[in-house]
Amino acid sequence: MKNVKNILQKKGRHFHAVSPNILVYEAIKVMGENNIGSVLVLEDGQLVGILTERDYARKVVLQGRYSANTYVKEIMTPHPGLVIVHPETSVEECMELMTEHRIRHLPVVDHNQIAGVISIGDVVFTLMKQKDLIIEDMTNYLYRR
């Protein structure tokens, strides 16, 4: 069974982060420049939240705010309350968490340090590969008989 550590070994531990005290416009710019859907929010090196495209759409656009005068700390999903996972968390459990909480990004924390971020795409890809291997093994078993 695959876990978060396996995903991070393949994709790397790199993540993008912003300060809670910058304007949303700057954070959205980071997301756009890096073709990502979220950024972690760090203060003094500690995880204090996450900002996602969904946060932007629901808490800025739909509320008539402007990204040029709204701060990240006003709309981010704060920690505690943020759903996080650990390197040992199974991929299946990640899928359950993402489905249950209707989220697309999970910060990975290892011994109180950020180890990376995984997305729904990472989880789906890993689960598909896992299923493909099971099917291949079963097919090989049946044809060897």
Task: Backbone of His86 reached by a side-chain donor or acceptor of Thr89 within 3.5 Å - done: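 A pair under 3.5 Å: yes.
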
Open item on the list: Tell me if a side-chain donor or acceptor on Asn3 pairs with a main-chain N or O of Lys5 at a distance below 3.5 Å.
Closed with: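 Pair found, side chain donor or acceptor close to backbone of Lys5.
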
Distance from [X] atom [atom1] to [Y] atom [atom2], nearest 0.5 Å?
X: Gln113; Y: Asp110; atom1: CD; atom2: CG; value: 8.5 Å
X: Ile103; Y: Ile50; atom1: CD1; atom2: CD1; value: 7.5 Å
X: Thr70; Y: Gln63; atom1: OG1; atom2: CD; value: 9.0 Å
X: His16; Y: Asn35; atom1: NE2; atom2: CG; value: 10.0 Å
X: His105; Y: Asp122; atom1: NE2; atom2: CG; value: 8.5 Å
X: Ile75; Y: Thr52; atom1: CD1; atom2: OG1; value: 8.0 Å

Hphob cluster co-occupancy, [X] + [Y], side-chain heavy atoms under 4.5 angstrom:
X: Ile28; Y: Val39; answer: yes
X: Val18; Y: Leu42; answer: no
X: Leu62; Y: Met31; answer: no
X: Met95; Y: Val83; answer: yes
X: Tyr56; Y: Met76; answer: yes

Open item on the list: Looking at Glu74 and Arg65, is any side-chain nitrogen of the basic one under 4.0 Å from a carboxylate oxygen of the acidic one?
Closed with: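 Salt bridge flag = yes for Glu74 with Arg65.
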
Please give me the minimum heavy-atom distance between [X] and [Y], naming the atom from each residue.
X: Leu23; Y: Ser67; result: CB-O, 3.8 Å
X: Ala27; Y: Ile22; result: N-CD1, 3.9 Å
X: Leu47; Y: His79; result: O-CD2, 3.6 Å
X: Cys94; Y: Leu106; result: CB-CD1, 3.9 Å
X: Lys11; Y: Ile118; result: NZ-CA, 4.1 Å
X: Ser119; Y: Met98; result: C-CE, 3.5 Å

Open item on the list: side-chain contact (heavy atoms from CB on, under 4.5 Å) for Glu26 and Val72? Distances and angles first, verdict last.
Closed with: CA-CA 9 Å; Glu26 293 300 322; Val72 168; over 6 Å; no

TODO: Mark yes when over 12 heavy atoms from residues, nucleotides or ligands other than Asn112 sit less than 6.0 Å from its CG; otherwise mark no.
DONE: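 For Asn112, atom CG is not crowded (no more than 12 foreign heavy atoms under 6.0 Å).
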
Open item on the list: I'd like to know whether CZ of Phe15 has more than 12 heavy-atom contacts from other residues, nucleotides or ligands below 6.0 angstrom.
Closed with: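 Counting other residues, nucleotides and ligands, CZ of Phe15 exceeds 12 neighbours.
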
Open item on the list: Test side-chain contact (heavy atoms from CB on, under 4.5 Å) on Lys73 and Glu43; report intermediate values, then the result.
Closed with: CA-CA 10 Å; Lys73 63 185 169 190; Glu43 190 166 47; over 6 Å; no

TODO: Check whether any side-chain heavy atom of Lys2 lies under 4.5 Å from a side-chain heavy atom of Ile7, and answer yes or no.
DONE: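 Lys2 vs Ile7: side chains apart.
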
